[in-house]
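Scroll down for the structure; my scribbles are underneath it.
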Amino acid sequence: MNSPGIAGNEQAAAEFVLYAHRGSTLLAPENTLTAFQLALKYGADVMEIDVRLSRDGEVIVIHDERVDRTCNAQGRVRDLSLQKLKTLNAGHHFVDMEGRRYRDTKTSLLSLSELFELLPETPVNIDIKDNSQAAAMAVATVIEKSARTSSVNVGSFHSQALAHFRQRLPEVTTAASQAEVAQLYFKRGLYTSVAFQYLQIPLRYMGVPLATRSFIRHASQRGIKSVFWTINDAHNMQMLIARKATGLVTDRVDIAGPLLGKC
């Protein structure tokens, strides 16, 4: 039986890519193995993660600049060593949608190297959160050492960090910076040479609708894949499938997986 809104779009749904947003920020402690394993259970195709550098230059899978919101400690990630970060409970403050708490669990932070080892067959989308050349170089080094150049995509809100990464590992696909998205959107007939392979964008930005059929088609005609975030409701999931977007980033893999027939 087709899911509501999927009828007539079966082929598009079959090709649609499901990105798990930090594994999930709602169903399990974000950016942890617990969240990633849950996302895989629901058929997620790609793990969407965030990374920062520790004090000793290790690439850590974490979103915030500080550990306070998620862990049983306080302080900036860049001021803590990998050894110290590994002692923290990354689910200390988390309560899931059913009221389950993770305060007393052993839910560790991961390094990027560990994540690659634990999920060797799973594509990973990496968002570089530190605005530095050092972070870009460290991420590139881990990707290279882990032989993951063909199974990762890299993006960042920091255009300079992204530029450093592209220069270091040009064979790895990347997402457009905010400026590149704007150029592609507003200069459609003029902006033809691009350094990126993906759009990773919200449905709207500053009142500008980005999830239009024409913009998705424009990107596709130039070989650019369009992925939208953060989509947690079935209506917008169905809309993006119908408009032939490439995929979506979601916290609700429990909704998206069954909707797309992935589990």
Side-chain angles (χ1 to χ4, degrees), residues 17 19-23 25 30-31 36 46-55 57-67 69-70 76-78 85 109-113 115-116 122-146 148-185 191 193-206 208 210 219 223-231 246-251:
V17 182
Y19 290 69
H21 184 224
R22 307 179 204 167
T25 66
E30 65 183 60
N31 277 322
F36 299 140
V46 181
M47 296 299 114
E48 188 276 340
I49 70 168
D50 311 282
V51 297
R52 293 183 179 275
L53 289 188
S54 67
R55 186 182 69 197
E58 296 291 335
V59 183
I60 306 300
V61 182
I62 189 170
H63 178 274
D64 294 4
E65 182 180 10
R66 300 179 61 87
V67 300
R69 179 177 63 86
T70 55
R76 297 182 300 182
V77 177
R78 69 183 182 187
L85 289 163
L109 292 169
L110 298 171
S111 69
L112 182 59
S113 296
L115 175 62
F116 285 157
T122 304
V124 178
N125 190 90
I126 301 168
D127 186 350
I128 301 173
K129 288 300 183 185
D130 287 334
N131 186 17
S132 70
Q133 181 177 3
M137 296 301 99
V139 170
T141 297
V142 174
I143 291 171
E144 206 166 35
K145 286 184 176 179
S146 303
R148 293 297 292 262
T149 56
S150 63
S151 62
V152 297
N153 182 70
V154 173
S156 180
F157 283 98
H158 306 298
S159 58
Q160 286 302 309
L162 191 56
H164 288 305
F165 179 85
R166 287 172 177 165
Q167 185 174 22
R168 173 70 171 75
L169 273 188
E171 65 268 36
V172 172
T173 61
T174 59
S177 67
Q178 287 182 313
E180 289 169 333
V181 174
Q183 287 179 313
L184 186 69
Y185 189 93
Y191 189 54
S193 177
V194 298
F196 52 89
Q197 296 77 33
Y198 283 84
L199 296 175
Q200 293 177 341
I201 51 180
L203 298 179
R204 302 179 67 86
Y205 183 74
M206 301 290 287
V208 177
L210 300 178
I224 302 166
K225 298 178 180 181
S226 52
V227 178
F228 290 85
W229 51 261
T230 303
I231 313 301
T246 300
L248 60 83
V249 182
T250 185
D251 297 303

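Count residues from 1 along the sequence. What you see below is based on every heavy atom in this structure, not just the backbone, and it leaves out hydrogens, waters and symmetry mates.
- Not a single side-chain hydrogen bond (donor to acceptor under 3.5 Å, both in side chains) links Gln133 to another residue, sequence neighbours left out.
- Counting heavy atoms from C-beta outward, Val172 and Val152 have side chains that approach closer than 4.5 Å.
- For the pair Ile62/Val51, no side-chain contact is recorded, criterion being any heavy-atom separation below 4.5 Å from C-beta on.
- Listed by chain and residue number, Asn153, Tyr198, Gln200 satisfy the side-chain contact (heavy atoms from CB on, under 4.5 Å) test with Ala175 (two or more places apart in sequence, or in another chain).
- Under the 4.5 Å side-chain criterion, counting only non-hydrogen atoms from C-beta, Leu112 is in contact with Ile49.
- When side chains are defined from C-beta on, Val181 counts as touching Leu199, because their heavy atoms get closer than 4.5 Å.
- For the pair Leu184/Ile224, a side-chain contact is recorded, criterion being any heavy-atom separation below 4.5 Å from C-beta on.
- Annotation: side chain of Leu248 is not in contact with side chain of Val227 (no heavy-atom distance under 4.5 Å).
- Listed for the Arg204 side chain is no donor-acceptor partner under 3.5 Å among the backbone atoms of Leu210.
- Phe157 meets the side-chain contact (heavy atoms from CB on, under 4.5 Å) test with Asp127, Lys129, Gln178, Trp229; sequence neighbours excluded.
- Of the possible donor and acceptor atoms, none in the side chain of Thr246 sits under 3.5 Å from a partner among the backbone N and O of Lys225.
- For Ser156, there are no side-chain hydrogen bond (donor to acceptor under 3.5 Å, both in side chains) partners at least two apart in sequence or on another chain.
- Here the shortest heavy-atom pairing between Val124 and Thr122 reads CG2-O, 3.4 Å.
- The salt bridge (charged side-chain N to carboxylate O under 4.0 Å, His left out) pairs that include a residue from residues 153-165 number zero, where partners must be two or more places apart or lie in different chains.
- Partners of Thr25 by side-chain contact (heavy atoms from CB on, under 4.5 Å), not counting sequence neighbours, listed by chain and number: His21, Arg22, Glu30, Asp251.
- Once rounded to the nearest 0.5 Å, the distance linking CG of Asp50 with NE2 of His63 reads 5.0 Å.
- Judged by distance alone, with hydrogens and angles left aside, the side-chain atoms of Thr250 form a donor-acceptor pair with the main-chain N or O of Ile231 at under 3.5 Å.
- Of all the heavy atoms in Thr174 and Ala195, the pair that sits closest is OG1-O, 3.5 Å.
- Residue Leu115 holds its CG atom at 11.5 Å from CD1 of Ile60, rounded to the nearest 0.5 Å.
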In residues 137-146, what donor-acceptor pairs under 3.5 Å come from side-chain atoms, sequence neighbours left out?
unit_1 : atom_1 : unit_2 : atom_2 : d
Thr141 : OG1    : Met137 : O      : 2.9
Glu144 : OE1    : Arg168 : NH1    : 3.1
Glu144 : OE1    : Arg168 : NH2    : 2.8
Ser146 : OG     : Val142 : O      : 2.9

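- Leu110 is listed as a side-chain neighbour of Phe36, based on a closest heavy-atom distance under 4.5 Å.
- Applying the ring-ring contact (aromatic ring centres under 6.0 Å, His included) criterion to Tyr185, with sequence neighbours excluded, gives Phe215.
- In plain terms, the two heavy atoms of Leu85 and Leu109 that are nearest each other are O-CD1, 3.8 Å.
- In this structure, Arg76 and Arg78 have side chains that are in contact, with non-hydrogen atoms separated by less than 4.5 Å.
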Exercise. Could you give me the CA-CA distance, side-chain angles and deciding distance for Val77 and Val67, then say whether side chain to side chain contact (heavy atoms under 4.5 Å, CB included) is met?
Key: CA-CA 6 Å; Val77 177; Val67 300; 4.0 Å; yes
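- With sequence neighbours excluded, the residues that form a side-chain contact (heavy atoms from CB on, under 4.5 Å) with Ala134 are Leu53, Ser132.
- With sequence neighbours excluded, no residue satisfies side-chain hydrogen bond (donor to acceptor under 3.5 Å, both in side chains) with Asn131.
- Under the salt bridge (Lys or Arg N to Asp or Glu O under 4.0 Å) criterion, Arg148 pairs with no residue at all, not counting sequence neighbours.
- Each salt bridge (charged side-chain N to carboxylate O under 4.0 Å, His left out) pair with one or both residues in residues 170-181, not counting sequence neighbours, appears once here: Arg166-Glu180.
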